[in-house]
Amino acid sequence: MKEKTWRRKSDRPHFTAFSSIRKRNNSSTFTRTSKLPNHPSSSSSSSSSSSSSSSSSSSSSSLDLSALPYDVLVRITASFTLPNLRAASVVCRAWRDALKPLREAMAFFMWGKRFKHGRGGVKVNLTKALDSFLKAAARGSTLAMVDAGLIYWEMGSRDEAIVWYTRAAELGDPAGQCNLAISFLQADPPNTKEAIEWLYKASAAGHARAQYQLALCLHQGQGVEQSLEDAV
């Protein structure tokens, strides 16, 4: 196969909601009651206040990202784009503090994009771009892992590219999964079995390039039983 690994459009957000956020009420409107409730007794007031404080503390602790192990946090947030990251960081102080490494990663990632494409008044410099992507990847950004892999691939260091594609893929990044699959298909000899597994995962996440590549494999019977019906 002569296809190149796919370049992600990393500026498009692909997270529509943060998984830890829950709606407390089905309705967003509030209705005013016609009568005010009777004043509760002091004992009931104290018990209700204590229960409310305990429930609020338990709910706040359940949403405390800073209490999560870092590897779990990275799995949840590693694929965040800049809009996702900004939105999550303003939820509360705990989330802001927990996401600090990823905000730093995003800053390095944006510099990597500038150096890679010559944006923002800087000249194209792949060495500096790769250095920026690696710094961002070290802080957990799968966007940077994929771009680091792309630069390594273009430089001819395919083994190193596969290392970064694998890290992004294992963190659930669809572009990393797709690029890893294509790398396996282009290997000598091809590793079609593993390639198909990653293509299925990326396709299930809605990655268009992976869906096309999987359909092509199904059409040609490459690494999987030929099925024109499934390919369509």
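Everything numeric in this text was worked out from a predicted model, so none of it was measured.
Looking at every heavy atom in both residues, Pro174 comes nearest to Ala205 through CG-CB, 3.7 Å. Across all non-hydrogen atoms, the minimal contact from Thr166 to Ile162 is OG1-O, 2.6 Å. Across all their heavy atoms, Ala168 and Gly176 have their closest contact at CB-CA, 4.1 Å. For the pair Trp164 and Met145, the tightest heavy-atom approach, listed with the atom from each and the gap, is CB-O, 3.4 Å. The two atoms that bring Ala87 and Val90 nearest to each other are O-CG2, 3.2 Å, heavy atoms only.
Following chains of ILVMFWY side-chain contacts shorter than 4.5 Å, one can reach Leu171 starting from Leu99, so the two form part of one hydrophobic cluster.
No donor-acceptor distance shorter than 3.5 angstrom exists from the side chain of Ser141 to the backbone of Ala137, with no hydrogens or angles considered.
One finds the CZ atom of Phe184 at 12.5 Å from the NZ atom of Lys193 (value rounded to the nearest 0.5 Å). Distance CG/Leu199 to SG/Cys217: 5.5 Å, rounded to 0.5 Å. Ile151 CD1 to Glu160 CD: the interatomic distance, rounded to the nearest 0.5 Å, is 12.5 Å. Taking OH of Tyr212 as the start and NE2 of His219 as the end, the distance is 10.5 Å to the nearest 0.5 Å.
Residues His207 and Gln211 have side chains not in contact (no heavy-atom distance under 4.5 Å, counting atoms from C-beta outward). Under the 4.5 Å side-chain criterion, counting only non-hydrogen atoms from C-beta, Ser132 is in contact with Phe115. Looking at heavy atoms from C-beta onward, Lys135 lies in side-chain contact with Asp131 at the 4.5 angstrom threshold. Between Leu150 and Tyr165, the closest side-chain pair of non-hydrogen atoms falls below 4.5 Å.
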Side-chain polar contacts of residues 100-108 - donor-acceptor pairs under 3.5 angstrom, sequence neighbours left out - could you list them?
| residue | atom | partner | partner atom | Å |
| --- | --- | --- | --- | --- |
| Arg103 | NH1 | Ser89 | OG | 3.3 |
| Arg103 | NH1 | Arg96 | O | 2.7 |
| Arg103 | NH2 | Arg96 | O | 3.1 |
| Glu104 | OE1 | Arg139 | NE | 3.4 |

Trp198 vs Cys178, side-chain contact (heavy atoms from CB on, under 4.5 Å): CA-CA, chis, key distance, verdict: CA-CA 7 Å; Trp198 287 114; Cys178 179; over 6 Å; no

Derivation and outcome, side-chain contact (heavy atoms from CB on, under 4.5 Å), residues Lys116 and Asp147: CA-CA 9 Å; Lys116 184 178 180 180; Asp147 270 290; 3.1 Å; yes

Leu185 and Gln213: CA distance, side-chain angles, deciding distance, side-chain contact (heavy atoms from CB on, under 4.5 Å) verdict: CA-CA 10 Å; Leu185 290 174; Gln213 190 65 52; 3.7 Å; yes

Leu130/Met155 under side-chain contact (heavy atoms from CB on, under 4.5 Å): CA gap, chis, key distance, verdict: CA-CA 11 Å; Leu130 179 59; Met155 292 170 58; 4.3 Å; yes

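Pairs engaging residues 123-149 under the ring pair (Phe, Tyr, Trp, His ring centres under 6.0 Å) rule: Phe109-Phe133 [sequence neighbours left out].
For Lys201, the salt bridge (charged side-chain N to carboxylate O under 4.0 Å, His left out) criterion is met by no residue, not counting sequence neighbours.
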